[in-house]
Novice: 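Below: one structure in structure tokens.
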Number of protein chains: 2
Amino acid sequence: MAMDRDQVLRTAAALLSRKATATMDEVAKAAGIGRATLHRHFAGRDALVRALEDLGIREFEVAFDKARLDEGTAPDALRRLVAESEPNAPLLAFLVTENQLFEGDQVNEGWARLDARVSALFRRGQQEGDIRIDLSPAWLTEALYGLVGSCAWAVMDGRVAAKDFQHMVAELLLGGARRSVEK
Amino acid sequence: MAMDRDQVLRTAAALLSRKATATMDEVAKAAGIGRATLHRHFAGRDALVRALEDLGIREFEVAFDKARLDEGTAPDALRRLVAESEPNAPLLAFLVTENQLFEGDQVNEGWARLDARVSALFRRGQQEGDIRIDLSPAWLTEALYGLVGSCAWAVMDGRVAAKDFQHMVAELLLGGARRSVEK
DNA sequence: ACCAAATGAGACGTTGATGTCTCATTCCAA
DNA sequence: TTGGAATGAGACATCAACGTCTCATTTGGT
């Protein structure tokens, strides 16, 4: 029953992704540790959420690295990005809704770094002529997060098959719903 | 200072869309009424959220009617739907995140009715050859909600200009981010 | 085998929001 | 004008989660 900080965080992420209002007690039980121990490592609920935020940001930075956003065409890079994001999609969904509660406080600057990388990808795609220019990189970034989160919820609710996650997100984001003539 | 139930609900919707954790006290103050009065009309916070849910469902049913989902091509109907949804987009964003807390409880059957109408629209588009068939109507419906909600947040945060809402949502959903050759 | 550190269980006080209640005041219709 | 209904303000008890603390037990390294 040793306390593995990272393992506890991942368990908490899994629980909170499903039930965002889970209590500290529930988080502790889910992680198989005592509430006191949980408190010894995370000063409070806020600290826990911050730690989850850090974990999420770290995971996505790794995912972005693996996706090699600078290589190949932007659409291909985006597909890789969606594929690499899938394992952490529920965590992202949780953090996105949680962030909306932080109103104006101070948001982790890590998000800005991630946003910048995604925005840069879209911008590159626009410059190379692969991405339409009437949709701003900022909006495309938001939309990516939104679709990843939505699909994560849909998968958890059984409305979308898990195996379709990558296709559903990447294809909708890239190609849209309209049936293209050239296809 | 007479109590106008519908006006109170709209004020609450506006507040809670920005700050989902707003207290009953804050809601009452925002509505310009006393907390006791608020309590006389809504048995509790749950009842208030349920009432907001009803309001939202009513609003969207009206919006769907106005959008005339059965007329014209599916893409055109979808554009009208996005346009009609815009005024209530923040409320939708709030209700969507709130619904995720309702885990398995009982979800208002109104959502099923709305889902059915949107799904039917996408299905019609697929049958008429305007919407691609490799994306399920259920997912397209979820994606629509997700994009409307995401864009509502983005507008509230100033990352997207309010005047671009319809274009950003409808064009991304329909056409995707990839620059099409035919365009 | 030993000892220091970490843990689990639970008691305890605190806090913030909730829901109820009272009472003086205001509103509105007859 | 008048009387009943609705309201606003605030007091009050309740409750759930939080955060702190203690102490017996377990763990892990030497």
Side-chain angles (χ1 to χ4, degrees), chain A residues 1-56 91 94-95 97-106 108, chain B residues 1-56 91 94-95 97-106 108:
Chain A
M1 299 294 166
M3 156 86 191
D4 177 345
R5 180 185 165 99
D6 227 60
Q7 185 52 40
V8 170
L9 277 178
R10 282 172 207 286
T11 307
L15 172 61
L16 289 171
S17 294
R18 277 178 287 112
K19 185 181 176 184
T21 57
T23 195
M24 291 292 273
D25 212 53
E26 294 174 288
V27 172
K29 278 195 172 52
I33 64 177
R35 195 165 65 98
T37 305
L38 182 61
H39 254 285
R40 280 185 197 105
H41 289 269
F42 304 99
R45 195 198 171 70
D46 276 5
L48 177 63
V49 174
R50 299 303 171 118
L52 281 172
E53 205 175 24
D54 287 338
L55 174 66
L91 177 56
F94 164 69
L95 292 176
T97 68
E98 197 73 8
N99 262 340
Q100 282 155 182
L101 309 182
F102 286 1
E103 317 172 45
D105 296 12
Q106 68 238 28
N108 192 316
Chain B
M1 296 291 171
M3 157 85 191
D4 178 345
R5 180 185 167 101
D6 225 61
Q7 185 51 40
V8 170
L9 277 179
R10 283 173 206 286
T11 307
L15 172 61
L16 289 170
S17 293
R18 276 178 288 113
K19 185 181 176 185
T21 57
T23 196
M24 291 292 273
D25 211 55
E26 294 174 287
V27 172
K29 279 196 172 50
I33 63 177
R35 195 165 66 96
T37 304
L38 181 61
H39 242 283
R40 278 183 199 107
H41 289 268
F42 304 100
R45 194 197 173 71
D46 275 5
L48 178 62
V49 173
R50 298 304 171 118
L52 282 172
E53 205 175 23
D54 287 338
L55 174 66
L91 176 56
F94 164 69
L95 291 176
T97 67
E98 196 75 7
N99 261 340
Q100 282 155 182
L101 310 182
F102 286 0
E103 314 174 46
D105 296 14
Q106 67 238 29
N108 192 315

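Below, each value reflects all heavy atoms present in this structure, side chains not excepted, and no hydrogens, waters or symmetry copies.
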Novice: Give the rounded distance in Å between these two atoms: CG of A:Leu38 and P of D:dT20.
Specialist: 12 Å
Novice: Quick one: stems involving DNA chain C, counted as three or more successive Watson-Crick or G-U pairs, both distances short of 3.5 Å.
Specialist: C:1-30 with D:1-30
Novice: Quick one: closest heavy-atom pair of A:Ala22 and A:Leu16, and the distance?
Specialist: CB-CD2, 3.8 Å
Novice: Heavy atoms, side chains only, cut-off 4.5 Å: are A:Phe42 and A:Arg5 in contact?
Specialist: yes
Novice: For B:Ala30, enumerate each residue passing the side-chain contact (heavy atoms from CB on, under 4.5 Å) test, keeping only those at least two apart in sequence or located in another chain.
Specialist: B:Thr11, B:Leu15
Novice: Whole Å only: how far is the CG atom of B:Asp4 from the P atom of C:dC28?
Specialist: 13 Å
Novice: Below 4.5 Å, heavy atoms only, C-beta onward: do B:Leu55 and B:Arg10 meet side chain to side chain?
Specialist: yes
Novice: Please list, for nucleotides 24-26 of chain D, all pairs of protein and nucleotide N/O atoms separated by less than 3.5 Å.
Specialist:
none

Novice: Using side-chain contact (heavy atoms from CB on, under 4.5 Å) as the criterion, list what pairs up with A:Asp25, not counting sequence neighbours.
Specialist: A:Thr23, A:Lys29, A:Arg35
Novice: Which atoms of nucleotides 18-21 of chain C (N or O only) lie under 3.5 Å from a protein N or O atom, and what are those distances?
Specialist:
unit_1	atom_1	unit_2	atom_2	d
C:dT18	OP2	B:Thr23	OG1	2.5
C:dT18	OP2	B:Met24	N	3.0
C:dG19	OP2	B:His39	NE2	3.4
C:dG19	OP2	B:Arg45	N	3.2
C:dG19	N7	B:Arg35	NH1	3.1
C:dG19	O6	B:Arg35	NH2	2.9

Novice: Would you tell me if any nitrogen or oxygen in the side chain of B:His41 comes within less than 4.0 Å of OP1 or OP2 on D:dT7?
Specialist: yes
Novice: Rounding to an integer number of Å, can you tell me how far A:Lys29 NZ sits from C:dT7 C1'?
Specialist: 15 Å
Novice: Do you know which two heavy atoms are closest between A:His39 and A:Met24, and how far apart they sit?
Specialist: NE2-CE, 4.1 Å
Novice: With a 4.5 Å limit on heavy-atom distance, are the side chains of A:Asp54 and A:Leu9 in contact?
Specialist: no
Novice: With sequence neighbours left out, what residues match B:Ala14 under side-chain contact (heavy atoms from CB on, under 4.5 Å)?
Specialist: none
Novice: Does the side chain of A:Glu53 reach to within under 4.5 Å of the side chain of A:Glu98, using non-hydrogen atoms?
Specialist: no
Novice: Kindly give the heavy-atom pair with the smallest separation between B:Leu52 and B:Leu95, and that separation in Å.
Specialist: O-CD1, 3.8 Å
